[in-house]
Amino acid sequence: MKFIYILILLFISIGSSAQLCQGSLGDPIINITFGAGSNPGPPLTAVTGYSYITSDCPNDGSYTVRSNSSSCFGGNWYNINSDHTGDTGGYFMLVNAAIGPSVFYIDTIRGLCGNTTYEFAAWIMNVSIPQSCSGSSILPNLTFRIEKTDGTLLQTYNTNDIPTLPAPTWSQYGFFFTTPATIPDIVVRIFNNASGGCGNDLAIDDITFRPCGPLLTPTIVSQPTSTVSICAGTAGSFNFTCQVSGGFTNPSYQWQESTNGGTWSDIPGENAISMVSNFPANAPIGTYTFRLAVAEGGNLGTPQCRIVSTPLTIKIVAPPVTTASSNSPVCAGTSLLLTATGGSTYQWSGPGGFTGNGSPLSVNNIQQLQQGKYYVLVQNDQGCRNLDSTLVVVNPAPVATTTFSATDICPGDSVAFSAAGGIAYEWQPAEGLSSTVIPSPHASPSNDVQYKVIVSNLIGCTDTAYIDVNVIEPPHADAGPDRSMLENEPITLDATIMGDNFTYYWSASPYINNTTLLQPQVNPPIDTKFILNVNSGCGSSTDTVKVFVYKDIFIPSAFSPNDDGTNDSWYIPSLNAFKEYELTVFDRYGEKVFSLKNENRRWDGTFNKKRLPVGAYVYLLVIKKYINPYKGTVMIIR
């Protein structure tokens with residue numbers, strides 16, 4: 001590999017008159033990838049004027065071969081993580097140009113075909129960051145001359161300045177030229193036009209020199225893509241053709257074949273622009289690739305004169321290697337899980353007309369009538385199929401039963417459960433049970449609870465039954481607070497009951513309007529007790545309310561608050577018969593010394609916690625249900 005070819009590619013310019021081949025290319029005559037491996041890569045076999053170093057970051061006039069580069073010249077060069085193609089461990093050439101402009105390389109290329117166009121191309125990176133050299137780094141600038149061996153100029157190209165870019169970027173540069181009819185050998189002179197110093201530093205990769213010609217557009221007739229897959233065991237016939245754009249005066253054609261990525265070989269007798277290829281049913285599995293090689297008449301026998309089309313591919317694909325399985329045996333009423341592998345789509349069929357798609361596939365509430373063989377048609381991405389199967393066994397499930405599904409019990413009582421249908425039993429929860437593993441435990445829960453029993457048969461299949469237990473709260477009678485009333489003015493009692501499933505009644509009395517009402521109306525002529533009776537399956541309860549009857553509103557006219565235990569306070573008992581009233585007491589100067597509203601309490605003859613003097617005090621009693629208020633005086637006596 002001669003370094004000349006590497007540098008030829010450097011001439012390729014962005015924005016200059018240089019250009020890449022716009023037609024089709026042949027196989028590379030020169031293909032310099034620099035190889036791959038660990039750092040550093042080996043030196044090139046011919047590098048005129050440049051010295052090879054093994055370390056990273058070459059100085060002026062030297063180069064190295066690397067798979068990555070970092071931290072060069074204080075960060076003034078880009079860190080390069082991989083070669084142009086991103087190959088793992090792929091090498092590229094890292095160059096620090098010589099100080100002075102000069103001929104960079106001279107070499108002679110021999111054995112070219114006359115009247116044939118060739119392309120030189122390479123991927124190049126200006127490795128200097130935009131900020132290096134205070135933003136004024138020297139830009140690489142390359143020129144080459146293509147000459148006859150006697151020095152006559154055939155063609156020249158210039159890259160112009162190769163700019164710095166905001167990020168490390170590989171850019172392809174290239175040019176093409178046509179050899180004269182009688183000149184098979186050429187000389188390439190490469191010039192480095194830029195001066196040395198700060199800048200003029202490059203990375204180079206993937207240098208190629210290959211024939212360039214008309215655009216070849218191959219197709220597989222009646223196929224939408226350039227790659228077709230057929231399944232092994234299936235015969236196929238394919239018509240290959242190629243459209244050739246103008247450019248050759250007298251083109252010659254040769255179809256070529258490569259099997260499983262091997263070398264290209266000519267197909268004898270296939271020298272037309274179209275070709276039919278037949279694949280018998282017993283054709284081996286593999287990848288068969290075809291392309292058309294084209295050259296000017298008389299040059300077809302020379303590989304370095306040919307251009308070639310992009311490949312057309314026929315893949316003979318093996319049927320999918322499949323598995324089919326399930327979670328069998330399963331119990332009736334549970335879920336069957338069907339699983340297959342080896343393809344991209346799965347179509348199932350089974351007993352009783354069952355069908356389904358996918359893997360895994362769940363069949364819920366499976367029954368014994370659905371046991372048997374399940375088939376799956378597995379298809380891969382290439383459309384090849386294979387039929388597989390799995391045998392499914394569905395075991396019978398027990399039928400769990402209990403003697404009842406719900407019951408009521410009193411606190412502290414117990415109830416006998418009974419379950420059937422299997423050989424093993426598990427009760428949940430364990431709270432209040434005499435046993436969790438027998439068919440007939442006793443239950444005495446303290447609160448409402450739902451018990452379930454899991455019944456198992458000989459083969460481990462299960463079923464579940466439930467019993468709801470409601471713990472009845474014992475009754476509690478509350479006849480309400482004692483009440484007061486005026487004679488012949490009925491009142492309603494405020495009774496309440498706590499508990500579950502109870503019945504109640506009031507003890508018979510001629511003064512109650514309905515003994516079956518929880519809050520009846522009563523109208524006794526004298527003080528009377530009324531009894532509320534409550535019964536349930538968990539016991540009984542009674543409570544008594546007393547009703548005080550007042551003939552009228554009696555207001556005492558005097559009291560003696562002298563702490564002798566007799567008549568020490570002023571109190572109007574009959575006010576308890578009313579809900580809305582207001583009582584106010586004034587001294588002889590009209591100052592309020594006692595009041596109450598809608599609450600009946602005693603007056604101890606004090607005001608602001610001080611005893612009031614003996615004398616008469618005026619009261620005013622307003623009862624809402626009466627129009628006229630009550631007025632009078634009350635005497636404090638000591």
Side-chain angles (χ1 to χ4, degrees), residues 326-339 350-354 356 360-372 374 391-477 496-505 533-541:
S326 73
N327 59 336
S328 171
V330 294
C331 297
T334 62
S335 293
L336 172 68
L337 192 66
L338 298 169
T339 304
F354 171 81
L361 176 64
S362 181
V363 185
N364 298 324
N365 194 27
I366 191 74
Q367 300 300 318
Q368 279 192 282
L369 291 175
Q370 295 172 275
Q371 70 178 354
Y374 283 75
L391 185 63
V392 170
V393 175
V394 181
N395 290 322
V399 177
T401 62
T402 57
T403 51
F404 52 85
S405 60
T407 188
D408 296 334
I409 66 171
C410 299
D413 290 349
S414 66
V415 59
F417 289 168
S418 181
I423 64 167
Y425 301 84
E426 179 186 355
W427 292 88
Q428 297 175 359
E431 177 189 359
L433 291 178
S434 61
S435 173
T436 60
V437 294
I438 62 176
S440 300
H442 285 77
S444 55
S446 56
N447 297 293
D448 294 351
V449 62
Q450 182 183 69
Y451 289 101
K452 73 175 180 180
V453 58
I454 303 171
V455 179
S456 303
N457 60 15
L458 280 170
I459 52 180
C461 294
T462 63
D463 191 24
T464 302
Y466 298 88
I467 296 178
D468 292 319
V469 178
N470 182 29
V471 180
I472 301 299
E473 180 182 354
H476 175 74
T496 58
I497 300 174
M498 297 179 63
D500 297 318
N501 301 339
F502 53 77
T503 61
Y504 64 90
Y505 65 95
N533 305 274
V534 182
N535 296 291
S536 77
C538 292
S540 62
S541 176

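As a basis for the values below, the full set of heavy atoms in this structure was taken, side chains included, without hydrogen atoms, waters or symmetry mates.
Inter-residue side-chain proximity for Glu426 and Thr436 is flagged as unmet; no heavy-atom pair is nearer than 4.5 Å. Side chains of Tyr504 and Asn535 form no contact here, defined as non-hydrogen atoms less than 4.5 Å apart. Between Val363 and Leu338 there is a side-chain heavy-atom pair separated by less than 4.5 Å. With a 4.5 Å cut-off on side-chain heavy atoms, Tyr451 and Pro445 count as touching. Contact annotation: the side chain of Ile423 approaches that of Leu458 to within less than 4.5 Å [non-hydrogen atoms, C-beta and beyond]. Residues Pro351 and Leu369 have side chains not in contact (no heavy-atom distance under 4.5 Å, counting atoms from C-beta outward).
Proximity of a side-chain donor or acceptor of Gln367 to a complementary backbone N or O of Asn365 within less than 3.5 Å is detected. Under a 3.5 Å cut-off, the side chain of Ser335 and the backbone N or O of Asn364 do not form any donor-acceptor pair. At least one donor-acceptor pair closer than 3.5 Å links the side chain of Trp427 to the backbone N or O of Ile438.
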Steps toward side-chain contact (heavy atoms from CB on, under 4.5 Å) verdict (His476, Ile497): CA-CA 6 Å; His476 175 74; Ile497 300 174; over 6 Å; no

Would Asn327 and Leu336 count as a side-chain contact (heavy atoms from CB on, under 4.5 Å) if you check the C-alpha gap in whole Å, the side-chain angles of each, and the deciding distance to 0.1 Å? CA-CA 6 Å; Asn327 59 336; Leu336 172 68; 3.4 Å; yes

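In this structure, the ring of Tyr374 has its center less than 6.0 angstrom from the ring center of Phe354.
For Val471 against Asp500, the heavy-atom pair with the smallest separation is O-OD2, 3.9 Å.
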N/O donor to acceptor pairs below 3.5 angstrom from side-chain atoms of residues 400-418, sequence neighbours left out:
{"residue": "Thr402", "atom": "OG1", "partner": "Phe404", "partner atom": "O", "Å": "2.9"}
{"residue": "Asp408", "atom": "OD1", "partner": "Asn470", "partner atom": "ND2", "Å": "3.4"}

